[in-house]
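Here is the structure we will look at, set down as structure tokens.
Both counts, for ligands and for their atoms, begin at 1 and track the order of listing. None of the values given here were measured: they were computed from a predicted structure. Along the sequence shown, residues are numbered consecutively beginning with 1.
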Amino acid sequence: MLIKSKPSISEHEITDPLIFSQRRQIIKAFAATTLASATGIGKVFAGETNDNRLTTTPAEVVKNYTNYYEFSFNKQDSTKLAQALPIDPWNIEISGEVERPMRLNLEQLLKQQTIQDYVYRFRCVEAWSMVVPWQGFQLVNLLKLVKPLSSARYVKFTTLFNPQAMPNQLTSSSLDWPYTEGLRIDEATHPLTILAVGMYGESLPKQNGAPLRLIVPWKYGFKSIKAIVKIELLKDQPNTAWNQAAPNEYGFYANVNPAVAHPRWSQHSERVLGSSFFTARRETELFNGYGEQVADLYRDMDLRRFI
Ligand code: MTE
């Protein structure tokens with residue numbers, strides 16, 4: 001399957017040359033992990049580009065600069081501390097407004113999905129960005145299995161609650177734990193919305209949300225919730241961790257939008273992770289550059305009001 005995104009990214013641009021030349025070995029290694037053993041490996045996302053400045057962020061940068069507040073508010077510490085998280089076995093519950101609620105483990109879930117590559121821009125609300133080759137599957141393909149009822153208008157996602165392994169769940173009151181996020185059903189079933197189980201051709205590192213995380217490339221990064229254990233289909237818009245903590249700073253929609261400043265900083269431009277000190281900041285694009293695919297979802301909405 002070919003996922004088209006505009007501005008899209010050509011294979012030679014998005015793939016780290018080393019990874020590209022070693023692709024066969026990486027596929028073998030990925031397929032050998034328990035996560036991927038029962039699944040197929042899809043094609044690298046390929047397309048044309050109209051943005052020659054874009055290159056894949058080096059994997060080491062993405063792995064060592066993480067936001068994972070259950071562990072730490074410091075981006076290097078969260079990377080180290082997340083290594084203690086037990087992720088095998090991993091159970092997931094899918095429930096709520098559905099005909100066939102499910103409780104299954106990750107291996108069972110992955111047997112029903114085909115793993116594909118999705119190379120996406122990722123824009124944090126803190127005004128930094130990266131380009132990451134994820135491996136995963138479209139969320140819609142999981143939701144179909146539980147047969148959503150017509151009353152299902154929203155989807156809520158919940159991170160694991162394990163205060164022994166995730167120290168801030170005990171000691172920090174800055175968020176209401178466990179971390180939660182939510183999407184409208186049309187956003188959740190959009191073909192760009194994926195659940196990722198890998199990146200750079202390997203299983204997802206713990207600090208980047210292993211074993212299962214959401215990726216919604218046209219929204220600020222905090223929507224892309226890590227270590228998901230529960231997916232609920234709901235009638236009403238759910239409360240979400242950041243929206244509850246600071247509703248005027250972190251909206252439920254959180255669509256990337258350079259025209260709407262965060263109350264404490266501009267969203268006009270972004271620092272590109274992995275670029276040199278002298279590289280110019282990148283101008284942020286509405287919907288993070290995915291407007292052609294997603295703008296229609298918001299055609300009747302005032303994007304200044306529904307942040
Ligand atoms: N999910 C959970 N459970 N906990 C978190 O702290 N941080 C969010 C999001 N998902 C976060 C989370 C934020 S603020 C961002 S920018 C991205 O994860 C960062 O993803 P990365 O660390 O893989 O770059």
Side-chain angles (χ1 to χ4, degrees), residues 56-83 85 87 90 92 118-136 156-163 165-169 171-183 193-200 202-231 240-246 249-252 254-256 262 264-265 267 270-274 284 288:
T56 303
T57 308
E60 285 314 305
V61 174
V62 180
K63 288 181 189 172
N64 289 293
Y65 188 86
T66 61
N67 276 344
Y68 209 162
Y69 300 120
E70 285 87 340
F71 295 97
S72 171
F73 289 87
N74 172 291
K75 290 174 166 58
Q76 282 76 35
D77 290 350
S78 58
T79 299
K80 281 188 221 120
L81 293 168
Q83 305 315 315
L85 183 68
I87 58 166
W90 192 267
I92 299 129
Y118 298 85
V119 183
Y120 285 159
R121 298 181 197 286
F122 186 102
R123 169 62 156 82
C124 179
V125 74
E126 298 164 344
W128 51 263
S129 72
M130 53 193 185
V131 178
V132 181
W134 305 103
Q135 283 75 47
K156 178 180 179 184
F157 306 85
T158 305
T159 293
L160 178 74
F161 185 70
N162 180 347
M166 297 168 140
N168 276 348
Q169 288 182 332
T171 54
S172 165
S173 56
S174 43
L175 287 180
D176 198 6
W177 310 108
Y179 195 105
T180 50
E181 256 311 332
L183 295 173
T193 303
I194 63 162
L195 288 174
V197 292
M199 63 180 212
Y200 297 89
E202 294 173 351
S203 294
L204 206 55
K206 290 186 177 181
Q207 66 271 28
N208 296 102
L212 185 71
R213 78 175 294 180
L214 183 70
I215 298 293
V216 194
W218 71 94
K219 292 179 179 283
Y220 289 121
F222 67 87
K223 298 295 286 183
S224 292
I225 180 173
K226 300 177 174 184
I228 296 168
V229 291
K230 201 197 278 185
I231 300 177
T240 56
W242 282 106
N243 186 231
Q244 234 174 332
E249 301 194 5
Y250 308 106
F252 175 81
N255 291 317
V256 174
H262 183 279
R264 289 180 280 134
W265 59 85
Q267 296 290 21
E270 61 210 44
R271 182 169 59 90
V272 178
L273 291 192
T284 294
N288 205 20

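Scored by the salt bridge (Lys or Arg N to Asp or Glu O under 4.0 Å) test, Lys223 finds Glu181 as partners (sequence neighbours excluded). Contacts of Lys80 classified as side chain to side chain donor-acceptor pair (under 3.5 Å), with partners at least two apart in sequence or in another chain: none. With sequence neighbours left out, the side chain to side chain donor-acceptor pair (under 3.5 Å) criterion links Thr158 to no other residue.
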Which pairs of nitrogen or oxygen atoms, taken one from ligand 1 and one from the protein, are under 3.5 angstrom apart?
{"residue": "ligand 1", "atom": "1 (N)", "partner": "Lys226", "partner atom": "N", "Å": "3.0"}
{"residue": "ligand 1", "atom": "3 (N)", "partner": "Glu70", "partner atom": "OE2", "Å": "2.9"}
{"residue": "ligand 1", "atom": "3 (N)", "partner": "Thr159", "partner atom": "OG1", "Å": "2.9"}
{"residue": "ligand 1", "atom": "4 (N)", "partner": "Glu70", "partner atom": "OE1", "Å": "2.8"}
{"residue": "ligand 1", "atom": "4 (N)", "partner": "Glu70", "partner atom": "OE2", "Å": "3.4"}
{"residue": "ligand 1", "atom": "6 (O)", "partner": "Tyr69", "partner atom": "N", "Å": "2.7"}
{"residue": "ligand 1", "atom": "7 (N)", "partner": "Asn67", "partner atom": "O", "Å": "3.1"}
{"residue": "ligand 1", "atom": "10 (N)", "partner": "Ser224", "partner atom": "O", "Å": "2.9"}
{"residue": "ligand 1", "atom": "18 (O)", "partner": "Arg213", "partner atom": "NH2", "Å": "3.2"}
{"residue": "ligand 1", "atom": "20 (O)", "partner": "Arg213", "partner atom": "NH2", "Å": "3.2"}
{"residue": "ligand 1", "atom": "22 (O)", "partner": "Asn67", "partner atom": "N", "Å": "3.1"}
{"residue": "ligand 1", "atom": "22 (O)", "partner": "Lys226", "partner atom": "NZ", "Å": "2.6"}
{"residue": "ligand 1", "atom": "23 (O)", "partner": "Asn208", "partner atom": "ND2", "Å": "2.9"}
{"residue": "ligand 1", "atom": "23 (O)", "partner": "Arg213", "partner atom": "NH1", "Å": "2.7"}

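Taking the six-membered ring for Trp, Tyr69 and Trp242 have ring centres closer than 6.0 Å.
Note on Arg121 versus Glu270: no salt bridge recorded, every NZ/NE/NH1/NH2 to OD/OE distance being 4.0 Å or above.
The closest donor-acceptor contact from the side chain of Gln135 to the backbone of Met199 lies under 3.5 Å.
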